[in-house]
There are 2 protein chains.
Amino acid sequence: MTELDITIDRSSPIPLYHQVASAFDKAIREGVLPPETKLENEISLAKRYNLSRPTMRQAMDQLVRDGLVVRRRGVGTQVIGPPVRRNLRLSSLYNDLQDEGAAPQTRVLSLETVTAPEPIREKLGLGDGAEVYHLRRLRLVDGRPLALMENWLPVTLAQLTREDLEADGLYNLLRRAGVDFRMAHQRVGAAVADEEQASQLKVEAGSALVVMERTALASSGAPIECGRHVYRADRYAFDITLMN
Amino acid sequence: MTELDITIDRSSPIPLYHQVASAFDKAIREGVLPPETKLENEISLAKRYNLSRPTMRQAMDQLVRDGLVVRRRGVGTQVIGPPVRRNLRLSSLYNDLQDEGAAPQTRVLSLETVTAPEPIREKLGLGDGAEVYHLRRLRLVDGRPLALMENWLPVTLAQLTREDLEADGLYNLLRRAGVDFRMAHQRVGAAVADEEQASQLKVEAGSALVVMERTALASSGAPIECGRHVYRADRYAFDITLMN
DNA sequence: TATGACAGTTTGTCATGACATTTCGAGTAA
DNA sequence: TTACTCGAAATGTCATGACAAACTGTCATA
């Protein structure tokens, strides 16, 4: 039954419930509120921070959705541990690697504009003869190859250059160009490496590869970009946290 | 700007916001509300169904989280079309297959109680010498093998029999036994089939397999069950819908 | 001792009201 | 014609109040 010392800035443009949720989120991840800790009840908490109960509840709701606490009617709210891994995000490999302190490198194998082939046109909902970028990249970490990435996206979205692509991830570039992602459908499967993949990834032909196909969608639901990535199975896997 | 004919039962134990959300969910998935459709504003909707605005908002919030609609301040709420695939759920393969109309079968290869080996003890947070079920199953669909599944769980959780396991999925059995899941960590990767896996799954040795390792957690955050499943890559992949 | 009823605590649901912020289009002025 | 201003419309945020439902522990009773 630990209390938390939170300062709330009512003049801030950040919503109150978000300020509260962030503070608790931080405290839980940092261990200030260890697992099993029972929180005060909503009413007291609201009073403590001079908030209304709905606002306090909104903050708690977010913590529940993020999988940091559990609420049980008639019982109360409890911190659940161990510190959950962050959920799979719509950020792509580049950020994931950066976050882990690794030094990702990118080698652009090819970057060309082509008229979109049928399957791509369908995936991206494009008309006949639409122009798309077709790019193939090799991702290395610590100098060792990790993934082969192939992507397609409309040329109208952004101006892509080899230099930009070698300096930053595709998604970061697009985001900076004003493209706002909201969702992505992914399919994760497996395959064995063919001769070319094997030589690029420095593995033996017949080795296991993780295959990921992704279609990214804008907030309108319109497809923006699609791609197919293959990873060395001995160096990469997808972590997913499911909640119901 | 289509209106929806919803009947709301205020005497039902199902919360009002859930009734509304379900109705819209259904209508969107069935195409009654096609993509791009602009919904009425919250106030009118609330009035139309005799609800308060917060309740209506709560329903809309759920639709947003499920990725069915987008809301933009100052603009309104728009349908973004039925997700191509249902989101990956904490239900496991059995239900997924059932939902798709397939006829899953299970063959129990082995079911034994053993003292938990070290790595399992650690994964499940068990003490020294704890007893666990160790079960290996083969899942078939339409009579053809799809997956090899290996699971461990404390014997204290439920009473497992071969008959039960062949008749239903593990998770359904546990749920019926009163176990409540809340979360699961999954790791999806790839491997190539060894001799034994190949013969069980009726593929050639060296074929690609999708590997999934999962640890299921109770609402308290305590681990309940862990397992390692391998799927034929030519017949299975994981679909994931990401949102940010 | 064991069982069942009851009361207290806590979250879940719902209503009403108010103001803030963002977006977009219409109208106006240069 | 173009650019700017302003207001309408819609969602976002927050407060207050009330009752319902679920869980827990206690106390009385068989």
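Residue numbers begin at 1 in each chain, while the letters A, B, ... track the order of the sequences. All values below were derived from every heavy atom in this structure, side-chain atoms included, with hydrogens, water molecules and symmetry-related copies excluded.
The local environment of CD in A/Q159 is sparse, with at most 12 non-hydrogen atoms from other residues, nucleotides or ligands closer than 6.0 Å. By the neighbour-count criterion of 12 heavy atoms within 6.0 Å, atom CD of B/E118 is densely surrounded, having more than that number from other residues, nucleotides or ligands. Around CZ of A/R65, the count of heavy atoms belonging to other residues, nucleotides or ligands within 6.0 Å exceeds 12.
In the model, A/E225 has a side-chain atom that pairs as donor or acceptor with a side-chain atom of A/N151 under 3.5 Å. Donor-acceptor pairing under 3.5 Å is lacking for the side chains of B/H18 and B/Q58.
Rounded to an integer number of Å, the gap from CG of A/L63 to P of C/dT11 is 13 Å. If you take CE of B/M60 and C1' of D/dG12, they are 15 Å apart, rounded to a whole angstrom. Going from atom CG of B/D61 over to atom P of D/dT11 covers 12 Å, rounded to whole Å. For the pair B/R57 CZ and C/dT13 C1', the computed distance is 17 Å after rounding to whole Å. The interatomic distance linking B/L45 (CG) with D/dA9 (C1') rounds to 14 Å, in whole Å. Between A/D9 atom CG and D/dT13 atom P the separation is 16 Å, expressed in whole Å. A straight line from CD of B/Q58 to P of D/dG12 spans 14 Å, rounded to a whole angstrom. In this structure, B/I8 places its CD1 atom 15 Å from P of C/dT13, rounding to the nearest Å.
Put simply, B/R71 has a side-chain N or O that comes within less than 4.0 Å of OP1 or OP2 on D/dG12. At the phosphate of C/dT10, neither OP1 nor OP2 sits under 4.0 Å from any side-chain N or O atom of A/T77. Considering only side-chain N and O atoms, A/Y17 lies nowhere under 4.0 angstrom from the phosphate OP1 or OP2 of D/dC14.
Between B/L111 and B/T161, the shortest heavy-atom distance links the atoms CD2-C, 3.9 Å.
With salt bridges taken as basic N to acidic carboxylate O contacts below 4.0 Å, one links B/E213 and B/R228.
Backbone-only engagement by B/R72 is indicated by non-hydrogen atom pairs under 4.0 Å involving sugar-phosphate atoms exclusively.
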Where along nucleotides 15-21 of chain C does protein come under 4.0 Å, by heavy atom, of base (B) or sugar-phosphate alone (S), with - for untouched nucleotides? BB-B--B
